[in-house]
Amino acid sequence: MKCLVVDDSATMRRIVINALKTIGYSDAVEAADGREAVTTRSLKEDILQALDAGINSYILKPFTPQVLKAMNDETFRSGRSPVRCPS
């Protein structure tokens, strides 16, 4: 399964990609902005629009590696589209 990591910060993309590798997901593609990928928006309407467009999951910052792993596991196991907001 391929993961798409989108963030305007190259450092944050590296952190996320490294976290994905740590939890067993080695096939990641990165993009610097919404033009290259999905979006950087976090409003409910934006998330719903992205989900309607066919993405498998949408995660908002800040998050922990454990949340990232749980979300990926749930997405790949169930085929559903989980959305996790920071708590």
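For reference, positions follow the sequence shown, starting with 1.
Closest approach of Ala19 and Leu68 over heavy atoms only: CB-CD2, 3.9 Å. Of all the heavy atoms in Leu4 and Val6, the pair that sits closest is CG-CG2, 3.7 Å. Heavy-atom minimum distance, Val5 versus Leu20: CG2-CD1, 3.7 Å.
Taking CG of Asp27 as the reference point, atom CD1 of Ile17 lies at 10.5 Å (rounded to 0.5 Å).
Residues satisfying the side chain to side chain donor-acceptor pair (under 3.5 Å) test with Lys69, not counting sequence neighbours, are Asp73.
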